[in-house]
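First the structure, which I've put down as structure tokens, then a few questions once you've had a look.
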Amino acid sequence: MKSKASPPKTNSLPAMLLPSTISLRKMASAGLSGTLLSGIGNLSHLRTLLLQNNQLSGPIAAEIGKLSELQTLDLSSNQFVGGIPSSLGLLSQLSYL
């Protein structure tokens, strides 16, 4: 009897963050790699996003500034390049960065 092969583990963002109605996402030290894509801005009800201690790289997507309900954001200990998007200044509810 042949055993079924497991589907490969996917660690891409924002695919792992869906659905858009989610309000909390803790993915610290989850072994994530890749980039933070512009689709992150579609998670309109997100209040907490903890992605620290992963291997995320590339620029931080400016669309992160569309997360108007975001209160807590931790992207530390990753490999992002470039500056902090000015759109973060639009996050009036943000109390922890």
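This is a predicted model, so every value here is computed, not measured.
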Item checked: Rounded distance [0.5 Å steps], CG in L51 versus OG in S29 -> 10.5 Å

Note to self: To the closest 0.5 Å, what do you measure between CG (L36) and CG (L49)?
What the structure shows: 7.0 Å

Checklist line | Interatomic distance, L90 atom CG to I64 atom CD1 [nearest 0.5 angstrom] | finding: 12.0 Å

Note to self: Quick check against the 3.5 Å criterion: does N54 have a side-chain atom that pairs as donor or acceptor with the backbone of M27?
What the structure shows: yes

Checklist line | N42 CG to L67 CG distance, which is reported to the nearest 0.5 Å | finding: 9.0 Å

Item checked: Check: E63 main-chain N/O paired with S38 side-chain donor or acceptor under 3.5 Å -> no

Margin query: As an exercise, state the distance from CG of N53 to OG of S76, rounded to the nearest 0.5 Å.
Written below: 5.5 Å

Checklist line | Gap between atom OG1 of T72 and atom CG of L94 - 0.5 Å precision | finding: 7.5 Å

Check: Can you list every salt bridge (charged side-chain N to carboxylate O under 4.0 Å, His left out) pair that touches residues 69-86, not counting sequence neighbours?
Finding: R47-E69

Item checked: Any side-chain heavy-atom pair of L88 and L73 under 4.5 Å -> yes

Next item on the list: Search all heavy atoms of A61 against all heavy atoms of P85 and return the closest pair with its distance.
Entry: O-CG, 4.1 Å

